[in-house]
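A quick write-up on the structure given underneath.
Note: hydrogens, waters and symmetry copies are ignored here, and every other heavy atom, side chains too, is used.
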Amino acid sequence: MTTTAPATPRSPMGRRRVVAGVAALSISVAALAIGTSPATAGDVVSTGSGEGAAPRLVRLQILAFNDYHGHLEASTPGTVGDQAAGGSEYLSTALKQLRAGRKYSLTVAAGDLIGGSPALSGLFHDEPSVESLNAMQLDVSSVGNHEFDRGVTELIRMQDGGCHPVDGCYFPDQPYAGADFPWLAANVVKEGTRKTVLPPYWIKEVGGVKVGFIGMTLEGTDAIVAAAGIEGYSFLDEARTANRLVPKLKKQGVESIIVLLHEGVTQDPAPGDINACNNITGPVVDINSKLDAEIDAVITGHTHQPYNCMLPGPDGRKRMVTSAYSFGRVVSELNLVLDKDTGEVRRALSRATNHAVIQSALTPDPALTAVIDKWMPLFDAAGNTPVGTITADIVRGGTPPGTDRGVESSAVNLVADAQAWATSFNGAQISFMNAGGVRSDLTYAPSGTEGVGVVTYGEAFTFQPFGNTLVTIPMTGAQVLSVLNEQCQPAGSSRPFLSLGSSAGFTYTLSRTIVNGTCTAVSVTDVKLNGKALDPAATYRVTVSTFLADGGDNFTTFKQVPVSERLDGGNDLQAFTDYLGTFSPVAPPSTDRVTELP
């Protein structure tokens, strides 16, 4: 299904909701300018006619962000450099200021708008996130892997509206209305068909020029979301999917084509430089090289890094490849020059700039404050209950925390400890936790009025938000060794190495080799359980989430254990909060369970 909208400048007359893929009208808001944009004098230039006349050009501004993850509050997104940045109120103001004075402006996103969210949104199935995006006047987005956290059926509810099938309507007199913008899912199809779960592309007519947007998630989505929710669906190769759609768009008169892709790259550190493109590696480099030369720009995400690149396509011509960090901390501004006579993007005249959304330089948007205020009483009732205490910060891997899922961390080990304890009635001897399942740090300093060292239910939810079920399964020592080796991810994965948190008493020595962003070798030795060498032939009771048990994050050895042999261990968040309540105050677990050799 395709969506086509007429040429409509942003107008104060309002906008109508997108229902079943029908395009929405845009709203205009004026504010002070943010950052520095290319010259915008005139949205249509050079209107000469007749033989030898200059081409008529239209300026289109595209504002893009990615990996929003329901970060409504100003306290949750983090920083750009050492300055607080992002959050819905400031992101919305930045978008308004960048749009000011522009006749043609579209706001787009590259996935992970929901899922892995702080408690203010996640506790309510991310309905607050979608409402905030509606208020920001988002026009279109690709899906990302986190859009599938709760499965295809829930994603469709998030698009179309309706009350939650279990929790019902949070505001009975105002049922959840759905998204005003279409999510695009060109490479997510019903198995054995070409039928997409959501529309594959969206077309907008701008000043008489049709602009097409193709939206996709990464092909590897099925390896990093719970298998049960996507059963019966396939995630196709990104480049081949987009390339098949180019002729279809061209048949409809579309010559300007943008890809919204939830996949990304990593680069050498460039502290504070959100427009850097330094020695980039990762899947998008290869995908871009294979994308049809007719595609004019690629707006990306997933790796939570800001970059602004010009990368060559298969014909050698360079095109913009951008990413806007995460949590609303950066906005990518693409200023495209469209040729009215050919319908093409004039790439040599087009530019991209990443803008930091620095809170101190902006005024919160009251419309977004109203969304937060609407949900805050429900959050206060559900989220501010203390569940335990800690003695110091308990953080994820990397500097700053959470930037490296390839190293051992106290936060992920803490969850593994909690899971092993909570399933001891199943005879659990070992527990493993995937680093990507821990979404925040536990800080000793209070985030609100809860007091020093106190962990609230809302903070615990933000820390571990996915609501998985724990299972205890029998595994041979040889299978456990295989799992440890699978931390070295397959070539082409978004991250070369994914460290598993392990419960207390389980230790080993690790050596690994990573070359150009790919894990090429791994060695796991001296594996012990409570000081005794792991026996490859013996059977051990291992607790993991259903996400890992189903082979998530490419840990496929877990899938060798038949489902019939799984012992139920209850809800993962309940296990975590029970652990905190039982053992408080809890100290940061050690990070010496893995001895990594240089």
Residues pairing under salt bridge (charged side-chain N to carboxylate O under 4.0 Å, His left out) where one sits in residues 436-448, two or more places apart or in two chains, turn out to be Arg396-Asp441

* Just by modelled atom types, is the Phe466 backbone N or O under 3.5 Å from a matching donor or acceptor in the Arg150 side chain? -> yes

*asked:* Determine whether Gln464 and Val415 satisfy the following criterion, side-chain contact (heavy atoms from CB on, under 4.5 Å), listing intermediate values before the conclusion.
replied: CA-CA 9 Å; Gln464 192 179 2; Val415 175; 3.6 Å; yes

Shortest non-hydrogen pair, Gly517 vs Pro496, comes out as O-CB, 3.5 Å

Applied to residues 121-137, the salt bridge (charged side-chain N to carboxylate O under 4.0 Å, His left out) test, sequence neighbours excluded, yields Glu127-Arg157, Glu131-Lys374

Side chain to side chain donor-acceptor pair (under 3.5 Å) filter on Ser142, not counting sequence neighbours, yields none

- Task: Output yes when a side-chain donor or acceptor of Ser129 lies under 3.5 Å from a complementary backbone atom of Leu113, and no otherwise.
- Result: yes

When the aromatic ring centroids of Tyr325 and Tyr68 are compared, is their separation below 6.0 Å? no

Test ring pair (Phe, Tyr, Trp, His ring centres under 6.0 Å) applied to Phe463 and Phe576, step by step: CA-CA 10 Å; Phe463 184 74; Phe576 179 61; 5.0 Å; yes

Ring pair (Phe, Tyr, Trp, His ring centres under 6.0 Å) filter on Phe124, not counting sequence neighbours, yields Tyr170, Trp375

(Q) Determine whether the aromatic ring centres of residues His302 and His146 are separated by less than 6.0 angstrom. (A) no

Val143 and Ala185 have their tightest heavy-atom pair at CG2-CB, 3.8 Å

Test side-chain contact (heavy atoms from CB on, under 4.5 Å) applied to Leu123 and Leu378, step by step:
CA-CA 9 Å; Leu123 279 174; Leu378 275 69; over 6 Å; no

Contacts satisfying side-chain hydrogen bond (donor to acceptor under 3.5 Å, both in side chains) that involve residues 408-422 (not counting sequence neighbours) are Glu408-Asn413, Asp417-Arg593, Gln419-Ser431

Any donor and acceptor pair, going by atom type alone, linking the side chain of Thr546 with main-chain N or O of Ala549 inside 3.5 Å?
-> no

Disulfide (SG to SG under 2.5 Å) pairs touching residues 126-165, sequence neighbours excluded, are Cys163-Cys169

Could you walk me through whether Asp553 and Arg405 satisfy the salt bridge (Lys or Arg N to Asp or Glu O under 4.0 Å) test, starting with their C-alpha distance in whole Å, then the side-chain angles of each, then the deciding distance to 0.1 Å, before giving a yes or no?
CA-CA 12 Å; Asp553 275 349; Arg405 297 181 187 177; over 6 Å; no

Open item on the list: When you measure from the side chain of Gln267 to the backbone of Asn278, do you find a donor-acceptor pair of N or O atoms at a distance under 3.5 Å?
Closed with: yes

Decide whether Ser92 and Asp365 meet the rule of one side-chain donor and one side-chain acceptor closer than 3.5 Å.
yes

Applying side chain to side chain donor-acceptor pair (under 3.5 Å) to Ser502 and not counting sequence neighbours gives none

Nearest heavy-atom contact between Val284 and Leu261 is CG2-CD2, 4.0 Å

Does the side chain of Tyr307 reach to within under 4.5 Å of the side chain of Ile274, using non-hydrogen atoms?
-> no

Residues at least two apart in sequence or cross-chain that pass salt bridge (charged side-chain N to carboxylate O under 4.0 Å, His left out) with Asp112, listed by chain then number, are none

For Ile394 and Pro589, the nearest pair of non-hydrogen atoms, with its separation, is CG2-CD, 4.3 Å

Residues pairing under side-chain hydrogen bond (donor to acceptor under 3.5 Å, both in side chains) where one sits in residues 71-80, two or more places apart or in two chains, turn out to be His71-Thr76

Show which side-chain atoms of residues 81-91 pair as donor or acceptor with protein atoms under 3.5 Å away, not counting sequence neighbours.
from, atom 1, to, atom 2, distance (Å)
Ser88, OG, Leu72, O, 2.8
Glu89, OE2, Thr369, OG1, 2.6

- Query: So, does Gln159 use its side chain to make a donor-acceptor pair with the main chain of Phe181 at under 3.5 Å?
  - Reply: yes

Parallel, tilted or perpendicular: ring planes of Phe583 versus Tyr579, cut at 30 and 60 degrees
tilted

Looking at Thr196 and Leu198, would you say the former's side chain and the latter's main chain have a donor-acceptor pair under 3.5 Å? yes

Closest non-hydrogen atoms of Phe327 and His69, given as atom of the first, atom of the second and distance, are CE2-CD2, 3.8 Å

Any donor-acceptor pair under 3.5 Å from His262 side chain to Ala110 backbone:
yes

Tightest non-hydrogen contact, residues Val225 and Phe547, listed as N-CE1, 3.5 Å

Applying side chain to side chain donor-acceptor pair (under 3.5 Å) to Asp404 and not counting sequence neighbours gives none

- prompt: Asp393 side chain to Tyr444 main-chain N or O, any donor-acceptor pair under 3.5 Å?
  reply: yes

*asked:* Donor-acceptor pair, distance only, cut-off 3.5 Å: does the side chain of Thr403 make one with the backbone of Gly398?
replied: no

Applying side chain to side chain donor-acceptor pair (under 3.5 Å) to Ser590 and not counting sequence neighbours gives Asp592

Can a donor-acceptor pair be found between the side chains of Thr266 and Thr303 at a distance below 3.5 Å?
no

